[in-house]
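Working notes, beginning with the structure itself.
Index from 1, following the sequence.
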Amino acid sequence: MKNLGIYLLFAFVSISSQSQIKKKAVVATKPNILIIFPDQLRRYSAGFWSEAPYRQHVIGKPDPVVTPTIDKLAKNGVVVTKGISNFPLCSPYRGMLLSGMYPEQNGIWNNCKKDRDESLKDDVQTITDLFYGAGYNTAYFGKCHWLKNEPLFDTKGNYKGTLEAPGGNYVNEYDTYIPTGVKRHHIEYFYQALKDEHFNPHIYSSDPAAIDGKKDGELFLPKIYSPKNEAAKIVDYLKNDRNQRDTSKPFCMIWAMNPPHNPWDEKNTDMDMLHQYYDTDKFPKLDTSLVVRENADLKVANYARHYFANVTSSDAYMGVVIEELERMGALDNTIVIFTSDHGEMLGSHGHEGKNYIEMESMAIPFVVHWPKGLKAGIQDLMLSAPDVLPTAMGLAGLSQQIPNTVQGTNFSDLLQNPKTTTVKKPEAILLMLGNSRGVLTDRYTLCIEENKTPWDKKEVKDLARTFIYDNKNDPYQLKKISFKEQPEVAKKLLVQLGEKLKMANDPWYKSKKYNDLIPYPKN
């Protein structure tokens with residue numbers, strides 16, 4: 001893509017009465033942004049982790065997966081060794097990635113779902129708002145899951161925007177359609193996929209040509225494997241044969257694939273990939289040659305072949321998009337950020353899924369590929385969800401336009417100038433669940449868990465358990481250490497927890513919850 005100089009864009013309608021974004025003059029040679037995050041892809045489910053020099057940075061063992069696209073991005077980009085999902089659950093992660101703020105500020109404390117109030121606040125300036133204001137084309141493909149689910153649809157899944165008939169119906173129990181207006185946060189080109197049915201995505205789009213002439217808000221059912229479908233639409237957007245974007249501008253694109261998220265059955269798995277790479281000719285039994293984590297229950301992990309097949313399949317369709325960028329001559333000046341919203345337990349500690357303060361659930365990949373602006377290498381850094389927005393803006397040369405409400409850290413200088421940067425690496429990362437708080441450091445995990453389930457809103461005043469993991473000496477977190485066993489370690493970690501809870505303006509800090517245990521800062 002050739003850009004033609006400097007262009008100006010002017011003020012536009014505000015996203016709320018309190019918050020206005022003004023468009024800035026943009027140099028047309030600014031880099032494109034492409035953020036790719038498959039759902040539930042754990043950090044070590046990528047082939048490159050099994051090779052030098054990456055293997056030495058793995059906590060435990062990496063998965064035996066085939067991921068040539070991710071491997072290419074990693075080997076030609078910067079691999080952040082300690083990407084962390086602070087709140088390993090779909091909607092809370094998305095709230096933090098989009099806003100650069102913790103849940104108390106962005107409005108999402110649980111998965112958005114029928115009969116819940118969680119919803120991204122309209123007046124939050126998101127990454128798409130900010131890049132749009134900086135003169136970028138903005139586009140979003142795939143899963144959203146940041147809006148309160150309400151019965152605003154007819155019986156055929158078409159959006160009516162009213163509870164009255166023909167509205168009054170839900171389109172899905174969890175995710176819901178993002179309507180035009182402030183809730184879409186200046187996403188110009190919109191292609192949303194709903195529902196955890198990988199071969200039956202429920203599509204809504206701003207582009208009638210992409211959905212058989214349907215209008216924005218009318219349900220389209222392409223009956224195509226969702227990563228394959230989305231990759232084709234992204235390539236179509238990049239080719240721009242129908243003027244879907246202004247090619248004099250750079251683009252900011254987010255691609256949120258649903259796989260390898262469950263369900264893990266034959267109806268929702270790319271079985272060609274399973275037969276090619278993970279069938280019984282390669283792995284005769286489902287044993288420790290396939291499920292390698294030493295804390296895994298093999299009976300619980302019986303879906304491993306299906307999970308890995310969808311990882312490999314998602315990687316292949318990522319490759320379709322990366323190849324198109326390369327063909328266009330745009331890849332070198334596109335900042336590709338590859339990450340995920342959270343990990344996958346895959347039988348570890350007897351669990352599947354996420355929503356646990358355990359390494360398999362929290363640990364996510366984070367790779368930045370930008371040949372024009374970054375030297376390939378490894379960065380031993382703890383980077384978490386609120387850091388994505390400011391770091392992406394920093395890499396794009398927009399550090400001065402990061403709102404002061406953003407709570408994440410801009411690590412762009414550390415990634416670009418690792419030898420001379422003054423940016424400090426964090427000593428601890430805040431961890432959250434609906435019933436827990438904790439911190440992760442380079443060595444330890446600390447967890448304080450309340451006596452309730454993560455999704456229960458009832459108020460409790462007692463704790464189910466408190467513990468520490470020594471992730472250096474116990475990489476599979478097999479031994480929970482009591483605070484009494486390691487009092488000095490516990491003391492330091494609890495101080496860090498109090499500081500992080502204050503920084504996040506967390507409800508625990510605001511009510512000084514468990515202040516007999518957590519030493520909250522006085523000022």
Evaluation steps, side chain to side chain contact (heavy atoms under 4.5 Å, CB included), between Leu41 and Phe338: CA-CA 11 Å; Leu41 198 157; Phe338 170 73; 4.3 Å; yes
Please list, chain by chain and in numerical order, all residues satisfying side chain to side chain donor-acceptor pair (under 3.5 Å) with [X], sequence neighbours excluded.
| X | answer |
| --- | --- |
| Thr128 | Thr126 |
| Lys457 | none |
| Asn435 | none |
| Ser119 | none |

Can you see which heavy atom on [X] is nearest to which on [Y], and at what distance?
| X | Y | answer |
| --- | --- | --- |
| Ile357 | Cys447 | CD1-SG, 3.9 Å |
| Tyr307 | Ser45 | CE2-OG, 3.8 Å |
| Asn240 | Gln244 | OD1-N, 2.7 Å |
| Asn32 | Tyr136 | CA-CE2, 4.4 Å |
| Leu383 | Val388 | CD2-CG2, 4.5 Å |
| Thr339 | Ile364 | OG1-CD1, 3.6 Å |

Considering only NZ, NE, NH1 and NH2 on the basic side and carboxylate oxygens on the acidic side, decide whether [X] and [Y] come within less than 4.0 Å.
| X | Y | result |
| --- | --- | --- |
| Lys183 | Asp122 | yes |
| Arg242 | Asp207 | yes |
| Asp380 | Lys425 | no |

Can you list the steps and then say if Asp117 with Lys148 is a salt bridge (charged side-chain N to carboxylate O under 4.0 Å, His left out)? CA-CA 6 Å; Asp117 291 329; Lys148 181 180 178 180; 3.2 Å; yes
Could you give me the CA-CA distance, side-chain angles and deciding distance for Glu344 and Glu352, then say whether side chain to side chain contact (heavy atoms under 4.5 Å, CB included) is met? CA-CA 7 Å; Glu344 161 56 40; Glu352 63 178 61; 4.2 Å; yes
Would you say Lys510 has more than 12 foreign heavy atoms packed within less than 6.0 Å of its NZ?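 Yes, because the 6.0 Å sphere around NZ of Lys510 holds more than 12 heavy atoms from other groups.
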Does NZ or CZ of Arg184 fall inside the cone over Phe190's six-membered ring, less than 6.0 Å from its centre and within 45° of the axis?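 Geometry flag: set, cation within 6.0 Å and 45°.
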Please say whether the positively charged group of Arg245, taken as NZ for Lys or CZ for Arg, lies over the ring of Tyr189, i.e. under 6.0 angstrom from the six-membered ring centre and within 45 degrees of the axis.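 No, cation not above the ring by the 6.0 Å, 45° rule.
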Can you tell me if [X] and [Y] form a side-chain donor-acceptor pair at under 3.5 Å?
| X | Y | result |
| --- | --- | --- |
| Asp216 | Tyr177 | yes |
| Asp175 | His145 | no |
| Thr445 | Asn471 | yes |
| Asn310 | Tyr225 | yes |

In terms of relative ring orientation, are [X] and [Y] parallel, tilted or perpendicular, with 30° and 60° separating the classes?
| X | Y | value |
| --- | --- | --- |
| Tyr54 | Trp49 | perpendicular |
| Tyr93 | Phe37 | tilted |
| Tyr191 | Phe141 | tilted |

I would like to know whether Tyr317 and Glu230 meet side chain to side chain contact (heavy atoms under 4.5 Å, CB included); could you show each step before the answer? CA-CA 9 Å; Tyr317 290 110; Glu230 290 156 16; over 6 Å; no
Less than 4.5 Å apart, side chain to side chain, heavy atoms only: is that true for [X] and [Y]?
| X | Y | answer |
| --- | --- | --- |
| Leu97 | Asp341 | no |
| Pro365 | Val79 | no |
| Leu120 | Asn106 | yes |

Go through Asp196 and Asn258 one step at a time and tell me if the side chain to side chain donor-acceptor pair (under 3.5 Å) criterion holds. CA-CA 7 Å; Asp196 295 328; Asn258 193 207; 3.3 Å; yes
Sort and list the pairs that fulfil salt bridge (charged side-chain N to carboxylate O under 4.0 Å, His left out) and have at least one residue in residues 35-46, not counting sequence neighbours.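 Non-adjacent pairs meeting salt bridge (charged side-chain N to carboxylate O under 4.0 Å, His left out): Asp39-Arg94, Asp39-Lys143, Arg42-Asp63.
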Which salt bridge (charged side-chain N to carboxylate O under 4.0 Å, His left out) pairs, counting each pair once, include a residue from residues 317-333, with sequence neighbours left out?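 For residues 317-333: Lys72-Glu326, Glu324-Arg327.
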Under the side chain to side chain contact (heavy atoms under 4.5 Å, CB included) criterion, do Ile234 and Leu34 qualify, and how do the steps go? CA-CA 11 Å; Ile234 292 170; Leu34 171 57; 5.9 Å; no
Test Ser399 against Asn410 for side chain to side chain donor-acceptor pair (under 3.5 Å), laying out the working first. CA-CA 8 Å; Ser399 295; Asn410 174 8; 3.1 Å; yes
Residue from Thr138, Leu98, Val406 passing side chain to side chain contact (heavy atoms under 4.5 Å, CB included) with Ile127: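 The side chain to side chain contact (heavy atoms under 4.5 Å, CB included) with Ile127 is passed solely by Leu98 among Thr138, Leu98, Val406.
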